[in-house]
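Accompanying notes for the structure given below.
Order of listing sets the numbers, starting from 1, for every ligand and every atom in it.
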Amino acid sequence: MPASMQGEMQPTIYRFKLGGFEVATIMDSKAMRSGLTPSFGGEAGAADVKALAAANRIDGDKYEHPFTPIVVNTGKELVLFDTGNGALAAENEQLKGRVPPGNLVARMGQAGYKPEDVDVVVITHGHPDHIGGLTKGGQPVFPKARYVTGAADFDFWKKGENVREARKFNRELYVKIVAPLADRTTFIKPGDEVVSGIRAVDAFGHSPGLMAFMIESDGKKLLNWADTCNHYVVAIQRPDLHLDVDDDKEKAAATRKRILDMVATDKLFVAGYHMPFPGLGFVEKTGGNYRWMPHSYQLNL
Ligand SMILES: [Zn+2]
């Protein structure tokens with residue numbers, strides 16, 4: 001008898017040392033999405049995006065979109081950045097079949113972290129795939145945690161004044177999930193510290209108050225850029241192209257260029273929520289633009 005097929009199996013947890021910190025990237029889930037275009041670059045950019053996909057040996061008609069929260073153990077606190085999709089699909093009729101079920105808690109368990117171990121949950125911005133795992137059945141998933149998020153992002157989603165049509169449901173989710181946690185939340189601005197060694201960086205645009213976070217221990221640095229760039233080829237090689245899910249498209253494009261330039265110039269290690277797993281790499285400046293250099297073994301040395 002020939003051996004039976006076992007089905008696909010892919011890594012979802014990666015852990016490494018960053019100075020005195022321990023960092024784990026944990027894939028909550030992934031979505032298979034159709035068409036890099038027109039999502040990236042609209043109809044006007046379609047030919048450019050297709051050419052870029054072909055040049056980088058990836059499919060132009062569908063792409064894998066991972067959701068990868070990050071756990072940082074500073075030795076004093078366990079900090080979780082973003083919470084994945086959680087029970088969004090199960091609890092919201094509108095999202096059934098549209099977002100994958102979250103696996104963050106189960107995978108954190110495989111990595112040795114219990115929900116009650118989490119001291120601080122940082123929400124980089126208010127989009128569903130980042131806030132979805134905060135609650136289940138209306139109850140906080142991380143029962144002992146305090147929360148940290150950007151004041152500007154909270155104000156935008158809570159007030160709901162300039163939310164575009166496509167994000168109306170996102171705003172309802174935010175009011176339901178995040179707003180009730182306000183009394184346990186610290187609201188910060190760029191430059192503020194979350195805990196010692198973790199500092200907020202302005203990444204406004206994709207969400208009006210999106211924050212990136214510089215994580216630093218014993219001289220080792222990692223920038224968690226969250227959703228600054230949403231695809232490892234298109235958003236990095238053509239940061240100017242507008243993306244349908246960016247709330248402030250001009251600002252998002254300007255932010256991409258500013259942050260790409262910073263990480264390329266400073267040769268910073270980057271973690272990105274939607275970069276290919278383990279969601280880590282460097283950015284190289286190539287001519288007038290940029291290229292993602294996926295992490296290989298540098299963090300294992
Ligand atoms: Zn996202």
Checklist entry - Which ring pair (Phe, Tyr, Trp, His ring centres under 6.0 Å) pairs, counting each pair once, include a residue from residues 70-110, with sequence neighbours left out? => result F81-F213
Item to check | Pairs involving residues 89-112, ordered by first then second residue, that meet ring pair (Phe, Tyr, Trp, His ring centres under 6.0 Å) (sequence neighbours left out) | outcome: none
Checklist entry - Is a side-chain donor or acceptor of T25 paired with a backbone partner of P278 at a separation under 3.5 angstrom? => result yes
Checklist entry - By atom name, which N, O or S atom of D227 is the nearest to the Zn ion (ligand 1)? => result OD2
Checklist entry - Which atom, among the N/O/S set of H130, is closest to the Zn ion (ligand 1)? => result NE2
Next on the checklist: Taking backbone and side chain together, does H127 place any N/O/S atom at a distance below 2.8 Å from the Zn ion (ligand 1)?
Outcome noted: no
Next on the checklist: I'd like to know if the Zn ion (ligand 1) has an N/O/S atom from D82 within less than 2.8 Å of it, counting both backbone and side-chain atoms.
Outcome noted: no
Item to check | D240 and R256 ion-paired at < 4.0 Å | outcome: no
Next on the checklist: Let me confirm one number: the CD-CZ distance from E77 to R146, rounded to the nearest 0.5 Å.
Outcome noted: 7.5 Å
Checklist entry - If the Zn ion (ligand 1) is the vertex, what is the angle to NE2 of H274 and OD2 of D129, rounded to 10 degrees? => result 90°
